[in-house]
Amino acid sequence: GENVEQHPSTLSVQEGDSAVIKCTYSDSASNYFPWYKQELGKGPQLIIDIRSNVGEKKDQRIAVTLNKTAKHFSLHITETQPEDSAVYFCAAFSYGGATNKLIFGTGTLLAVQP
Amino acid sequence: NAGVTQTPKFQVLKTGQSMTLQCAQDMNHEYMSWYRQDPGMGLRLIHYSVGAGITDQGEVPNGYNVSRSTTEDFPLRLLSAAPSQTSVYFCASSDRWTTDTQYFGPGTRLTVL
């Protein structure tokens, strides 16, 4: 079935450094790729998304890139701050026959060391 | 707006017991869904609804029932709880489609003994 692989599972960076999280997806028809941030004890919150008609999207310190040929997309966080520490999930919208759904990656625990 | 609310926040059940996880949203969203989150497995779709009176199965529907009698509410029922249903459950809503921004509730942590 459709799946999304996410790497790394944990990432530790120093405050001010950049962080990159990578995801690959299997459904070549996928056309919507959101990223969610989940803080401890809370539900996931959308931080940025990209659709298949663009290759890159930025929002302040956060950017997402998409390579449809290679079927992978990445989250880039620059000038990391301690409040960026959280679990990050990528997802891909999959046209899976009768069920159209978001397929989530397994998450990346980002720790930003002050 | 309260957004998406879920109750209870925590629940402990014994095997075989039944219960209903409540979910409500006040954003007039058509699309609502239930996910379970397990360590190392991300979020998996249980059931979803594209509007009042319409529900459908997701990836892992076995052991769960849903109904959608109003736009606002989307309860998830466990008819006979099993230890394999120990998980954190999230309800989400979006304007119309899966590809609209999904707003997640705070979650319900369920333990089945």
Side-chain angles (χ1 to χ4, degrees), chain A residues 1-10 21 23-27 29-54 57 59 64 66 86-109, chain B residues 2-10 21 23-25 27 29-50 54-62 66 74 87-109:
Chain A
E2 306 88 355
N3 75 300
V4 174
E5 294 188 3
Q6 182 172 347
H7 299 281
S9 56
T10 60
I21 303 170
C23 290
T24 59
Y25 60 97
S26 61
D27 183 357
S30 292
N31 66 352
Y32 174 64
F33 307 92
W35 285 89
Y36 289 86
K37 176 183 180 182
Q38 186 177 24
E39 296 176 341
L40 192 63
K42 296 184 179 180
Q45 183 176 15
L46 180 74
I47 55 171
I48 195 168
D49 58 14
I50 191 167
R51 298 180 190 269
S52 62
N53 57 341
V54 293
K57 184 177 178 180
D59 183 3
V64 57
L66 172 64
V87 178
Y88 291 81
F89 291 96
C90 63
F93 177 62
S94 178
Y95 294 95
T99 305
N100 297 328
K101 57 187 181 288
L102 280 175
I103 306 292
F104 283 83
T106 51
T108 296
L109 175 62
Chain B
V4 180
T5 58
Q6 290 183 239
T7 56
K9 202 164 179 60
F10 301 95
L21 279 63
C23 173
Q25 52 90 9
M27 297 174 282
H29 284 171
E30 292 293 331
Y31 185 95
M32 295 185 74
S33 54
W34 276 101
Y35 291 87
R36 59 177 290 172
Q37 184 176 38
D38 301 294
M41 300 190 74
L43 292 116
R44 292 181 292 168
L45 182 66
I46 304 171
H47 285 286
Y48 67 99
S49 168
V50 298
I54 306 169
T55 64
D56 209 342
Q57 297 181 349
E59 297 177 75
V60 288
N62 293 341
V66 292
F74 190 43
S87 187
V88 182
Y89 292 85
F90 289 99
C91 178
S93 74
S94 62
D95 193 10
R96 291 181 303 148
W97 310 114
T98 311
T99 51
D100 291 325
T101 300
Q102 298 281 319
Y103 294 88
F104 283 83
T108 294
R109 183 174 293 274

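This structure is a prediction, so every number in the text was calculated from the model and none was measured. The analysis underlying the following values was restricted to heavy atoms, covering all of them including side chains, and did not include hydrogens, waters or symmetry mates. Residue numbers start from 1 in every chain, and the chains themselves are labelled A, B, ... in the order their sequence lines are given, proteins ahead of strands.
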Item to check | By side-chain contact (heavy atoms from CB on, under 4.5 Å) - contacts of A:Ser9 (at least two apart) | outcome: none
Item to check | Toward chain B: residues of residues 33-41 of chain A with heavy atoms under 4.5 Å | outcome: A:Tyr36, A:Gln38, A:Gly41
Atom pair [atom1]/[atom2] of [X] and [Y] - distance to nearest 0.5 Å:
X	Y	atom1	atom2	answer
A:Leu102	B:Arg44	CG	CZ	15.5 Å
B:Tyr103	A:Leu46	OH	CG	8.0 Å
B:Leu43	A:Ile103	CG	CD1	11.0 Å

Next on the checklist: So for atom CD, which belongs to A:Gln45, do other residues, nucleotides or ligands contribute more than 12 heavy atoms lying within a distance under 6.0 Å?
Outcome noted: no
Checklist outcome for this item: Note: B:Gln37 and A:Phe89 closest approach over all heavy atoms is NE2-CZ, 3.0 Å
Checklist outcome for this item: When the 4.5 angstrom heavy-atom criterion is applied to B:Gln6 and chain A, the contacting part is neither
Next on the checklist: If the condition is salt bridge (Lys or Arg N to Asp or Glu O under 4.0 Å), which residues does B:Asp95 pass it with, not counting sequence neighbours?
Outcome noted: none
Item to check | A:Glu5: salt bridge (Lys or Arg N to Asp or Glu O under 4.0 Å) partners, not counting sequence neighbours | outcome: none
